[in-house]
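Here, residue 1 is the first one in the sequence, and each next residue gets the next number. Atom set for the values below is all heavy atoms of this structure, side chains included, hydrogens, waters and symmetry mates excluded.
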Amino acid sequence: MKPIFVLLTLFLLTGCVADSPALGYSRAGFYPVEIGGNSYRVYTEETRNCVEVHRVNMVFPPPSRRLILTQMETAAMQTTGCRIKKGTFIGDQAMSKGQIDCSDGPGAKDWVPGTCDTRPWR
């Protein structure tokens, strides 16, 4: 019986490290982006005005949080062609999300405004 628990625990822990978007992005496609030696996946969904960015490579020692967030914001802007609304891009060195603003720019996509609650604790 003990080996079954070990295998079950190993299976569950393997699922925890899988790179997958939040539930709101379950049907969203992702775009791979490389910036400064780091690999990112940018998840977007055209029915929302949100973007979610995941860093998918491991780096040791960890780079500064500010550097990673800056690179994540750049990856989001490159992918969507839109700006990130000031004060909405939040997260950590592994995953961040923000609200995009496509009101200006000649190459901006027409993203449908939707609900993008980047701070659910408010």
Side-chain angles (χ1 to χ4, degrees):
M1 194 70 155
K2 192 173 183 176
I4 291 175
F5 288 120
V6 172
L7 288 174
L8 182 61
T9 303
L10 184 62
F11 178 72
L12 289 174
L13 289 176
T14 304
C16 291
V17 298
D19 177 45
S20 60
L23 288 176
Y25 296 89
S26 58
R27 291 180 293 185
F30 72 87
Y31 302 90
V33 179
E34 292 269 338
I35 298 175
N38 290 309
S39 301
Y40 299 97
R41 285 187 179 175
V42 180
Y43 292 89
T44 59
E45 192 170 351
E46 290 194 24
T47 59
R48 301 180 71 197
N49 60 341
C50 292
V51 64
E52 188 172 287
V53 184
H54 295 204
R55 183 172 57 95
V56 294
N57 65 314
M58 293 190 59
V59 179
F60 190 80
S64 76
R65 184 170 184 256
R66 183 182 307 258
L67 172 70
I68 295 300
L69 286 175
T70 302
Q71 289 180 353
M72 286 180 164
E73 190 171 353
T74 301
M77 290 188 299
Q78 283 180 2
T79 301
T80 63
C82 303
R83 293 182 296 115
I84 303 291
K85 283 189 180 178
K86 187 174 182 173
T88 65
F89 198 69
I90 60 166
D92 56 26
Q93 293 178 331
M95 193 238 3
S96 295
K97 66 188 225 177
Q99 198 170 12
I100 56 177
D101 178 15
C102 297
S103 59
D104 59 351
K109 295 180 182 177
D110 293 325
W111 297 89
V112 178
T115 58
C116 181
D117 191 10
T118 58
R119 297 176 189 223
W121 58 86
R122 276 198 282 170

Where is the tightest heavy-atom contact between Y40 and V56, given as atom of each residue plus distance? N-CG2, 4.3 Å
CD1 of I35 to CZ of R55, rounded to nearest 0.5 Å, is 12.5 Å
Applying the ring pair (Phe, Tyr, Trp, His ring centres under 6.0 Å) criterion to H54, which one of Y31, Y43, F30 satisfies it? Y43
Could you report the tightest heavy-atom contact between C82 and I100, atom names first, then the distance? CB-CB, 4.2 Å
Knowing that exactly one of M72, Q99, M77 qualifies, which makes a side chain to side chain contact (heavy atoms under 4.5 Å, CB included) with I84? M77
Any side-chain heavy atom of V51 within less than 4.5 Å of one from T79? no
Correct closest heavy-atom pair for P63 and L67 would be CB-CD2, 4.1 Å
Beyond-backbone contact of Q78 with V42, side-chain heavy atoms, under 4.5 angstrom: no
Rounded distance [0.5 Å steps], CD in Q93 versus CG in L69: 7.5 Å
When rounded to the nearest 0.5 angstrom, what is the spacing between CE in M58 and CG in N38? 12.5 Å
Assess whether a salt bridge exists between D101 and K85, defined as any Lys/Arg side-chain N lying under 4.0 Å from an Asp/Glu carboxylate O. no
If I compare all heavy atoms of N57 with all of S39, which pair ends up nearest, and what's the gap? OD1-N, 3.2 Å
Sub-4.5 Å side-chain heavy-atom contact between T70 and F89: no
Of the non-hydrogen atoms in S96 and G91, which two are nearest, and what is the gap between them? OG-CA, 3.4 Å
Between T74 and Q71, does a side-chain contact (heavy atoms from CB on, under 4.5 Å) hold up when you go through it step by step? CA-CA 5 Å; T74 301; Q71 289 180 353; 5.5 Å; no
